[in-house]
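Take a look at the structure below.
Computed from heavy atoms alone, side chains included, the values below leave out hydrogens, waters and symmetry copies. Nothing fancy with the numbering, it's 1 onward along the sequence.
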Amino acid sequence: MKTVLVTGANRGLGLEFARQYAADGWNVLAGCRNPSKAQALQRLSPDIKGRLTLVEIDVTDARSVKRAAAEVGEGAVDVLINCAGVMGKSDQTIGTIDYDDWAQVLDVNVMGPARVTEAFLERVVQSPSRAIVTITSGMGSLADNTSGGYVPYRSSKAAVNMVMRSAAIDLARQRVICVVINPGWVKTDMGGPGATLTPEQSVTAMRRLIGRLGPKDSGKFYNYDGHEYPW
């Protein structure tokens, strides 16, 4: 049985990743800050819940991340999905930046995936798949930014893209595949009700992409539909 680790599994895209992988028979390590309050995970059908292991993990706390890696036991992690993320305050342009908010966004969206990647790397290299996927955003694309604003969120996604691009190079000798994926505009708490994709549509497409990843893909920035996204 294959194993996937998903951070931010209590809501949005993370929840849908957990649901779909479990429904397909995977062992799912569902990471979230407060498993006892993860009501959406608790409401999943019994056959799906039986394949879930709720993992307490706060991606902003190095001790929490290391403890989670130690507590989940032995065995390979075939796919690691860094999905935990925050938007921060949305009305921030140059001249109206909340620097405390920006620091929090960077901690979650940039250093969080780095912490998780380092802590679970030993488990990832035990798998033939060796895949590390970080959910980014088209708003982190320099080439695609024509509207400005959202300084903390945009900068965090551009930064995590660079972290994972470097990880792809640093981990090439260990044959680890690192990619970042834009999930599209999705109807989640972050994307809002006016978005064009449902979580099921986005995650189904991303899982199709993840399932065919190979060494030649490492270091690339993909759109959810499998096409490369402009940096």
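- A salt bridge is defined here as a Lys NZ or Arg NE, NH1 or NH2 lying under 4.0 Å from an Asp or Glu carboxylate O, and Asp101 with Lys89 fails to meet this definition.
- Taking each heavy atom of Gly219 and Trp231 in turn, the nearest pair found is O-CZ2, 3.3 Å.
- Without hydrogens or angle criteria, Thr96 side chain to Thr93 main chain gives a donor-acceptor distance under 3.5 Å.
- The minimum heavy-atom distance between Ile177 and Pro215, with the atom names listed, is CD1-N, 3.8 Å.
- In terms of modelled atom types and a separation under 3.5 Å, the side chain of Ser202 and the main chain of Pro183 share a donor-acceptor contact.
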- side-chain contact (heavy atoms from CB on, under 4.5 Å) between Arg207 and Phe17, worked out: CA-CA 8 Å; Arg207 286 187 59 223; Phe17 270 119; 4.0 Å; yes
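- With 3.5 Å as the limit, one finds a donor-acceptor pair spanning the side chains of Ser156 and Asn109.
- Applying the ring-ring contact (aromatic ring centres under 6.0 Å, His included) definition to pairs two or more places apart or across chains, those involving residues 91-138 are Tyr99-Trp102.
- When the shell of 6.0 Å around CZ of Phe221 is examined, it contains more than 12 heavy atoms from other residues, nucleotides or ligands.
- At least one donor-acceptor pair closer than 3.5 Å links the side chain of Asp98 to the backbone N or O of Asp100.
- Minimum heavy-atom separation, Val133 to Ile210: CG2-CG1, 3.9 Å.
- Hydrophobic cluster membership differs between Val163 and Tyr222, with clusters built from Ile, Leu, Val, Met, Phe, Trp and Tyr side chains linked at under 4.5 angstrom.
- Judged by distance alone, with hydrogens and angles left aside, the side-chain atoms of Lys220 form no donor-acceptor pair with the main-chain N or O of Tyr229 at under 3.5 Å.
- In this structure, the side chain of Gln174 does not engage the main chain of Leu171 through any donor-acceptor pair within 3.5 Å.
- A donor-acceptor pair is defined here as one N or O able to donate and one able to accept, closer than 3.5 Å; such a pair exists between the side chain of Thr188 and the backbone of Met190.
- The two residues Pro113 and Val108 come nearest to each other via the heavy atoms CD-O, 3.3 Å.
- With Arg115 contributing its side chain and Val59 its backbone, the two residues share a donor-acceptor pair below 3.5 Å.
- Considering all non-hydrogen atoms of both residues, Ala76 and Thr3 come closest at O-CB, 3.5 Å.
- Nearest heavy-atom pair across Thr204 and Gln20 is OG1-NE2, 3.1 Å.
- Asp78 places no side-chain N or O within 3.5 Å of a backbone atom of Val4 that could act as its donor or acceptor partner.
- For the pair Arg154 and Asp144, the salt-bridge criterion is not met [side-chain N within less than 4.0 Å of a carboxylate O].
- Between the side chain of Thr60 and the backbone N or O of Asp107, no donor-acceptor pair lies under 3.5 Å.
- A donor-acceptor distance shorter than 3.5 angstrom exists from the side chain of Asp217 to the backbone of Gly214, with no hydrogens or angles considered.
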